[in-house]
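Quick notes on the structure that follows.
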Amino acid sequence: MKAIVTGITGQDGAYLARLLLEKGYRVYGTYRRTSSVNFWRLEELGIRDHERLELVEYDLTDLSATLRLIERAEPKEVYNLAAQSFVGVSFEQPVTTAEITGIGPVNLLEAIRILDPKIRFYQASTSEMFGKVQAVPQTETTPFYPRSPYGVAKLYAHWMTINYRESYDIFGVSGILFNHESPLRGREFVTRKITDALARIAAGKLDVLELGNLDAKRDWGFAAEYVDGMYRMLQTDTPDTYVLATNRTETVRDFVRLAGRAAGIDIAFEGDGEAEVGRDTSNGQVVVRVSPRFYRPAEVDLLIGDPGKAERELGWKPQTSLEELARMMVEADMARVARGTSF
Ligand code: NDP
Ligand code: GDR
């Protein structure tokens with residue numbers, strides 16, 4: 001059993017590779033050529049040197065490289081996790097985001113169509129496609145209204161996956177995944193930014209955490225469980241679209257409080273808008289401040305997903321509570337601070 005996982009250096013790529021290796025797969029994991037190596041997540045999971053893991057240098061925007069990748073690996077399944085995945089950056093780099101996140105997946109779909117239409121394809125779609133709230137909770141049939149270049153690019157790739165399914169009978173699956181986090185989350189994303197900063201504040205190595213919009217509400221789950229959902233989506237009889245979510249939503253402010261509790265810091269918020277601060281109630285120190293630098297030109301205010309279809313058809317259910325997730329992330333960051341590592 002062979003699978004390609006694009007974006008293996010990212011959070012989900014690392015967890016999915018571990019899952020597939022545990023299931024006995026041979027995994028071709030793709031990474032980009034960079035000036036310094038970027039395998040820390042594979043190392044943290046202990047799979048960097050696994051005998052059935054082959055790391056392949058690859059860029060999603062290159063059709064010829066895509067054809068060679070598929071020809072060489074002859075996979076049964078392709079999981080496309082590669083993307084410019086940071087919403088904030090997509091406003092600054094809309095064209096690059098469109099090329100990688102939007103058109104990139106079409107290279108894979110074309111390569112599958114040309115070389116072996118029996119290959120099963122997973123596209124990492126996102127709750128960002130829902131964008132401006134049309135209905136809650138969001139399901140597979142909720143209308144889309146993306147609010148960022150990233151969301152727009154993902155929506156294009158989502159519809160192309162469905163189009164290849166309907167036009168060429170390709171087993172193209174789209175997983176509309178709500179935010180999922182873990183100790184392996186990149187530090188630019190808000191949950192990890194918070195847990196990393198609070199670990200450093202608790203250790204006396206940082207004074208203040210600066211954040212943007214504290215009112216945004218997100219449905220946050222645990223990444224290791226979401227990659228299992230991806231796998232299940234490719235094992236069905238017919239390709240389809242599925243939402244993975246927890247059906248619980250909290251504000252960024254609430255996540256700060258939860259993570260603070262896990263770090264041993266009780267945080268109380270006061271003030272409004274840019275003047276809002278979070279204080280450590282034990283000594284009155286300001287530990288959280290709002291900075292307009294982290295606001296986005298357009299925001300997604302509220303995400304909450306209904307994973308009912310995934311539960312019914314895939315037997316998939318989220319297991320980890322937000323409290324457990326925050327604690328897991330804070331503890332991992334505190335251990336990193338104690339070790340003096342900085343991932
Ligand atoms: P990450 O940002 O952690 O990982 C993205 C991966 O894509 C990295 O391995 C990155 O490589 C790679 N990549 C970026 N550009 C290219 C390119 N041009 N060619 C090849 N590879 C490239 O994202 P996550 O693991 O969090 O997410 C995985 C996928 O799921 C993404 O597509 C994301 O948009 C989507 N998604 C994520 C959600 C989440 O909450 N995590 C929710 C819904 C969807 P490098 O390390 O070199 O940058
Ligand atoms: P998101 O995740 O945009 O939902 O995309 P992110 O963690 O970046 O933002 C979540 C919310 O927090 C608000 N926010 C901040 N965000 C960041 N990054 N930094 C801050 O300082 C900050 N302050 C407030 C944001 O405005 C936003 O409302 C993630 C990515 O993984 C996507 O690839 C994925 O598709 C979606 O989740 C589902």
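Note that this is a predicted model, so its numbers are computed, not measured. Indexing begins at 1, ligand by ligand and atom by atom, following the structure's order. All residue numbers refer to positions in the sequence shown, counting from 1.
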Practice prompt. Kindly write out the residues that satisfy salt bridge (charged side-chain N to carboxylate O under 4.0 Å, His left out) with Glu110, not counting sequence neighbours, or none if the list is empty.
Written response: Arg113
Side-chain donor-acceptor contacts of residues 144-155 below 3.5 Å, not counting sequence neighbours, with atom names and distances?
from   : atom 1 : to     : atom 2 : distance (Å)
Arg147 : NE     : Glu299 : O      : 2.9
Arg147 : NH2    : Glu299 : O      : 3.1
Ser148 : OG     : Tyr150 : N      : 3.4
Ser148 : OG     : Gly151 : N      : 2.9
Lys154 : NZ     : Ala124 : O      : 2.7

Worksheet entry | Worked check of salt bridge (Lys or Arg N to Asp or Glu O under 4.0 Å) between Arg200 and Asp196 | CA-CA 6 Å; Arg200 287 188 287 135; Asp196 172 64; 2.9 Å; yes
Worksheet item: Taking the non-hydrogen atoms of Ser125, is any one of them nearer than 4.0 angstrom to ligand 1?
Response: yes
Practice prompt. State plainly whether the residues Glu276 and Arg253 are in salt-bridge range, i.e. N to O under 4.0 Å.
Written response: yes
Practice prompt. Under 4.0 Å from a heavy atom of Lys154: give me the atoms of ligand 1 that qualify, with their elements.
Written response: 31 (C), 32 (O), 33 (C), 34 (O), 35 (C)
Worksheet entry | Which segment of Val190 sits under 4.0 Å of ligand 2 when only heavy atoms are counted | both
Item to complete: Specify side chain, backbone, both or neither for Val252, according to which of its non-hydrogen atoms lie closer than 4.0 Å to ligand 2.
Response: side chain
Fill in: For Asn179, atoms of ligand 1 separated by under 4.0 Å from a heavy atom
40 (O)
Discussion item. So if I count the atoms of ligand 1 from 1 in the order they appear, which ones are less than 4.0 Å from some heavy atom of Tyr58?
Written reply: 20 (C)
Item to complete: Please indicate whether any nitrogen or oxygen in Phe294 is less than 3.5 Å from any nitrogen or oxygen in ligand 2.
Response: no
Worksheet entry | Ligand-residue contact atoms, ligand 2 with Val87, heavy atoms, under 4.0 Å | 3 (O), 5 (O)
Worksheet item: Are any of the N or O atoms of Gly212 closer than 3.5 Å to those of ligand 2?
Response: yes
Response to the item:
Filtering His180, Arg185, Met129, Arg218 for the heavy atom nearest atom 26 (O) of ligand 1 leaves Arg185
Fill in: Proximity flag Asn38 to ligand 1, non-hydrogen atoms under 4.0 Å
yes
Item to complete: May I ask you to check if Arg192 and Phe189 form a cation-pi contact, with NZ or CZ under 6.0 angstrom from the six-membered ring centre and within 45° of the axis?
Response: no
Worksheet entry | Part of Arg187 within contact of ligand 2 (heavy atoms, under 4.0 Å) | neither
Worksheet item: How about Trp316 and Tyr226: are their ring centroids closer than 6.0 Å?
Response: yes
Worksheet entry | Atom pair OH (Tyr242) and CE (Met233), whose distance is rounded to the nearest 0.5 Å | 8.0 Å
Worksheet item: Out of Ala153, Gly104, Ala82, whose heavy atom sits nearest atom 21 (N) of ligand 1?
Response: Ala82
Worksheet item: Has Asp169 got more than 12 heavy atoms of other residues, nucleotides or ligands less than 6.0 Å from its CG?
Response: no
Discussion item. Does the structure place the NZ or CZ of Arg296 under 6.0 Å from the centre of the six-membered ring of Phe86, at an angle of no more than 45° from the ring's axis?
Written reply: yes
Response to the item:
Numbered in order shown, the ligand 2 atoms found under 4.0 Å of a heavy atom of Thr126 are 34 (C), 35 (O), 36 (C), 38 (C)
Fill in: Heavy-atom nearest neighbour of atom 27 (C) of ligand 2 within options Arg218, Lys193, Arg253
Arg218
Practice prompt. Could you find the nearest protein heavy atom to atom 10 (C) of ligand 1 and give me its residue, atom name and distance?
Written response: Thr9 OG1, 4.0 Å
Item to complete: Indicate yes or no for a side-chain donor-acceptor contact from Arg26 to the backbone of Arg52 under 3.5 Å, with no hydrogens or angles considered.
Response: no
Practice prompt. Within a distance under 4.0 Å of any heavy atom of Gln11, pick out the atoms of ligand 1 and give their elements.
Written response: 3 (O), 25 (O), 26 (O), 41 (N)
Worksheet item: Would one find an N or O of Asp12, backbone or side chain, under 3.5 Å from an N or O of ligand 1?
Response: yes
Worksheet item: So Lys118 and Glu77, salt bridge (Lys or Arg N to Asp or Glu O under 4.0 Å) or not? Walk me through it.
Response: CA-CA 9 Å; Lys118 289 203 174 51; Glu77 296 165 1; over 6 Å; no
Worksheet item: Is Tyr295 in contact with ligand 2, taking contact as a heavy-atom separation below 4.0 Å?
Response: no
Item to complete: May I ask you to identify the nearest protein heavy atom to atom 23 (O) of ligand 1, giving residue, atom name and distance to one decimal place in Å?
Response: Ser85 OG, 3.5 Å
Discussion item. Under 4.0 Å, counting heavy atoms only: does Glu128 come that close to any atom of ligand 1?
Written reply: no
Discussion item. Using modelled atom types and a 3.5 Å cut-off, is there a donor and acceptor pairing between side-chain atoms of Thr30 and backbone atoms of Tyr58?
Written reply: no
Practice prompt. Go through ligand 1 atom by atom and flag the ones less than 4.0 Å from a non-hydrogen atom of Thr126.
Written response: 43 (C), 44 (C)
Worksheet item: At the 4.0 Å heavy-atom cut-off, does Thr30 count as touching ligand 1?
Response: no
Worksheet item: Is a donor on one side and an acceptor on the other found under 3.5 Å between the side chain of Arg232 and the backbone of Leu314?
Response: yes
Item to complete: From atom 35 (C) of ligand 1, work out which of Gly29, Ala124, Ala83 has a heavy atom at the shortest distance.
Response: Ala124
Item to complete: Indicate yes or no for a side-chain donor-acceptor contact from Gln138 to the backbone of Ile304 under 3.5 Å, with no hydrogens or angles considered.
Response: yes
Worksheet item: Is there a donor-acceptor contact under 3.5 Å from the side chain of Gln235 to the main chain of Tyr231?
Response: yes
Worksheet item: At a 4.0 Å threshold, what atoms of ligand 2 neighbour a non-hydrogen atom of Ser85?
Response: 30 (C), 32 (C), 33 (O)
Worksheet, complete the sentence: Ser127 heavy atoms within 4.0 Å reach ligand 2 at atoms 38 (C)
Practice prompt. Begin from the C-alpha positions of Tyr31 and Phe39 and carry the test ring-ring contact (aromatic ring centres under 6.0 Å, His included) through to its verdict.
Written response: CA-CA 9 Å; Tyr31 69 98; Phe39 296 135; 5.2 Å; yes
Worksheet item: Do any nitrogen or oxygen atoms of Thr191 come within less than 3.5 Å of a nitrogen or oxygen of ligand 2?
Response: no
Worksheet item: Between Thr101 (side chain) and Gln84 (backbone), is there a donor-acceptor pair under 3.5 Å?
Response: yes
Practice prompt. Identify, by atom number and element, the atoms of ligand 2 in contact range of Phe86, meaning under 4.0 Å from any of its heavy atoms.
Written response: 8 (O), 18 (N)
Worksheet entry | Region of Ile100 that comes within reach of ligand 1 [heavy atoms, distance under 4.0 Å] | side chain
Worksheet item: Between Ser127 and ligand 1, is there a nitrogen or oxygen pair with a distance under 3.5 Å?
Response: no
Worksheet item: With a cut-off of 4.0 Å, which atoms of ligand 2 are near a heavy atom of Ala216?
Response: 28 (O)
Practice prompt. Starting from atom 1 (P) of ligand 2, locate the nearest protein heavy atom and write down its residue, its atom name and how far away it is, to 0.1 Å.
Written response: Asn179 ND2, 3.8 Å
Worksheet item: Do Glu324 side-chain atoms and Ser321 backbone N/O form a donor-acceptor pair below 3.5 Å?
Response: yes
Item to complete: Give a yes/no verdict on whether any heavy atom in Tyr150 is under 4.0 Å from an atom of ligand 1.
Response: yes
Practice prompt. Tell me which protein heavy atom sits closest to atom 29 (C) of ligand 1, plus the residue, atom name and distance to 0.1 Å.
Written response: Leu81 O, 3.1 Å
